[in-house]
Amino acid sequence: MACAGSPLQLRLLLLVLSSCALAAAADASRCATPPDEGPTIRILHAFGPCSPLRESARFDSWEDTVMDLMTRDESRLAYLASLATAGRSFVPVASGRQLLQIPNYVVRAGVGTPAQPMLIALDTSNDAAWVPCTACAGCPSASPSFDPSRSTTYRPLPCGSPQCGQAPNPSCPAGATSCSFNLTYGASSLQAGLAQDSLALASDVAQSYTFGCLQKVTGNSVPPQGLLGLGRGTLSFLSQTKGLYGATFSYCLPSFKSLNFSGTLRLGPVGQPKNIKTTPLLSSPRRSSLYYVNMIGIRVGRRVLDIPPSAVTFDAATGAGTIIDSGTMFTRLVAPVYAALRDEFRRRVKAVGPVTSLGGFDTCYNGAVTPPGITLMFTGMNVTLPPENVLIHSTAGSITCLAMAAAPDNVNSVLNVIANMQQQNHRVLFDVPNARIGFAREACTTTA
């Protein structure tokens, strides 16, 4: 039986259906991501509008989102404070949205043979790599997991192997034949079996890569599809692929508003920027994985802030100083440094209405403001932040905040963390053999 309806109603229905189809096609086109090709890997912010992880973390308001991010940063900083211990490839990088004590940027990787696709988070302050494996207790059920039984090159590492001794908190209970390890990451704890398998990034494949196959997770701080440690320890990506990439990499992190995998992770010395300002890379045996630099001051406008030298001085023995970190969202400065920056910032901002606070941000304004220039001063290098790396705005633009904060009282009070929002749209070079870190402006954010 045919459905009843006037010609006008039918035309209106067809018009609505056509409009919906066109809108869906436009969204699909806007979020279309070019494939990883050759030596380039795309980066996407997991909190971006086209992130495949977007649906897993919705908030009722922008204020709820910001306060959640600040809470997650505090746990991330607690994790950082607890750390006491020759080819090339271009890998697309995306902005991440799983921001609870995890890196905020992800890359597409393939684990095993044949490769099983995963979105793996990057972390410059961690060494070990891990992925959720099938039958993992506590791993997110909605996220893909790695199935060792489907890989022809997977093998667990036995107790007594050199890699077992290098793993964090290795465990080989009586009767066990394979090695496992335990680790605290942010507010989570995890248990993983130590294994080796192929790891593919873009067109390159690292054979027999050592990683953790997650068996049990407590808490929600662990990246849902795995993590790749870019630190400097023996089990880090840099160490395991030293013969391929020469312990050298750089990245350009797009804004968290960026669409698609618009950032890039460049692996190896080939293709790195030649004309780039650098500062010496420092090391602390107390926190050997972290990338320390010597920050000597901060300039707001034309004024160099009056900061006690002890607040920024690098101390290898205690781990005090300044680090470059990819997993913290907002820069955190020790109390006297942040107080000096905040006070000068407030003095120079011409705003209507009082200064307000929002979550962990204590310098917010109702409406738009024009920020003064902020320059981070390092030995041999100055980095002047563009306005979009200084301010965070509400969706409607009604609230504007200084996107930095003081380090929490319960965290190592002498560790300054230069976080990823302040690094966005910069090419950041990590040249370990030559002991240097470099910054150069590079636009890698796409908004359409």
Side-chain angles (χ1 to χ4, degrees), residues 76-77 79-89 91 93 102-103 105 107 120-130 162-163 165-170 181 183-185 194 199 201 206 209-212 226-251 253 265-269 272 278-295 314-328 378-379 381 412 415-420 423 427-439:
R76 167 74 180 182
L77 290 168
Y79 159 71
L80 293 176
S82 71
L83 298 177
T85 55
R88 74 169 185 175
S89 187
V91 185
V93 179
I102 68 170
Y105 290 85
V107 297
I120 297 184
L122 303 176
D123 189 351
T124 57
S125 297
N126 194 76
D127 292 330
W130 61 76
Q163 295 88 346
Q166 296 164 357
N169 304 309
F181 66 90
L183 185 67
T184 298
Y185 190 79
L194 196 65
L199 173 66
L201 292 174
Y209 193 88
T210 302
F211 66 99
L227 177 140
L228 185 64
L230 295 176
R232 294 192 274 174
T234 53
L235 284 185
S236 72
F237 182 80
L238 265 66
S239 296
Q240 292 198 56
T241 62
K242 188 175 182 179
L244 184 61
Y245 301 125
T248 303
F249 72 96
S250 71
Y251 55 58
L253 303 178
L265 170 67
R266 293 181 184 172
L267 300 171
Q272 300 298 352
T278 63
T279 188
L281 171 61
L282 309 175
S283 299
S284 168
R286 187 177 180 86
R287 298 184 175 92
S288 58
S289 297
L290 303 185
Y291 290 93
Y292 279 91
V293 291
N294 189 32
M295 185 165 70
F314 171 68
D315 188 327
T318 64
T322 302
I323 66 169
I324 307 297
D325 180 48
S326 68
T328 306
F378 305 95
T379 300
M381 176 184 77
N412 189 334
L415 186 64
N416 299 289
V417 179
I418 308 302
N420 66 45
Q423 299 176 49
R427 175 62 56 182
V428 184
L429 172 66
F430 296 79
D431 184 356
V432 175
N434 295 303
R436 61 182 189 145
I437 286 183
F439 273 73

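- Applying the side-chain contact (heavy atoms from CB on, under 4.5 Å) test between L228 and each of W130, F211, Y209 identifies Y209 as the sole match.
- The salt bridge (charged side-chain N to carboxylate O under 4.0 Å, His left out) search around R232 returns none, not counting sequence neighbours.
- Under the rule for a ring pair (Phe, Tyr, Trp, His ring centres under 6.0 Å), the partners of F430 that lie at least two apart in sequence or sit in another chain are F249, Y251, Y291.
- A heavy-atom distance below 4.5 Å is not found between the side chains of T278 and I437.
- Within the 3.5 Å criterion, the main-chain N or O of A128 finds a donor-acceptor partner in the side chain of N126.
- Taking both residues in full, the closest heavy atoms of L230 and L238 are given as O-CD1, 3.9 Å, listed atom of the first, atom of the second, then distance.
- Counting only heavy atoms from C-beta outward, the side chains of P280 and T379 approach each other to under 4.5 Å.
- Within the 4.5 Å cutoff, the side chain of D123 has heavy atoms near those of the D325 side chain.
- Residues I323 and F314 have side chains not in contact (no heavy-atom distance under 4.5 Å, counting atoms from C-beta outward).
- For the residue pair S289 and D127, a side-chain donor N or O sits within less than 3.5 Å of a side-chain acceptor on the partner.
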Test side chain to side chain contact (heavy atoms under 4.5 Å, CB included) on T124 and I324; report intermediate values, then the result.
CA-CA 8 Å; T124 57; I324 307 297; over 6 Å; no
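- Taking CD from Q166 and CG from L235, the interatomic distance works out to 5.0 Å, rounded to the nearest 0.5 Å.
- Applying the ring pair (Phe, Tyr, Trp, His ring centres under 6.0 Å) criterion to F378, with sequence neighbours excluded, gives no partner residue.
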**Request:** Using the side chain to side chain contact (heavy atoms under 4.5 Å, CB included) rule, take T210 and Q240 through it: C-alpha gap first, then chi angles, then the decisive distance, then the call.
**Result:** CA-CA 8 Å; T210 302; Q240 292 198 56; 3.5 Å; yes
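- Here the closest non-hydrogen pair linking A316 and S283 is CB-O, 3.8 Å.
- Looking only at side-chain heavy atoms (C-beta outward), L281 and D431 stay at 4.5 Å or farther from each other.
- In this structure, S236 contributes its side chain and S239 its backbone to a donor-acceptor pair below 3.5 Å.
- Of the possible donor and acceptor atoms, one in the side chain of Q423 sits under 3.5 Å from a partner among the backbone N and O of I418.
- Side-chain contact between L429 and F439 is absent, with no heavy atoms from C-beta onward closer than 4.5 Å.
- Using modelled atom types and a 3.5 Å distance limit, the side chains of S250 and R427 yield a donor-acceptor pair.
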* Just do the side chain to side chain contact (heavy atoms under 4.5 Å, CB included) check on N420 and Y105 with the steps written out, would you? => CA-CA 9 Å; N420 66 45; Y105 290 85; 3.7 Å; yes
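- S288 places none of its side-chain heavy atoms less than 4.5 Å from the side chain of P285.
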- Task: Please assess T248 against L267 for the test side chain to side chain contact (heavy atoms under 4.5 Å, CB included), listing each intermediate value before the final yes or no.
- Result: CA-CA 6 Å; T248 303; L267 300 171; over 6 Å; no
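- Here the closest heavy-atom approach between residue G319 and residue Y292 is recorded as O-OH, 2.7 Å.
- Panel note: side chain Q272, backbone R266; a donor-acceptor pair is recorded below 3.5 Å.
- Note: D315 CG to R286 CZ = 9.5 Å, rounded to the nearest 0.5 Å.
- Separating the CG atom in L290 from the CG atom in L282 is a distance of 12.0 Å, to the nearest 0.5 Å.
- At a threshold of 4.5 Å between non-hydrogen side-chain atoms, the residues N416 and M295 count as touching.
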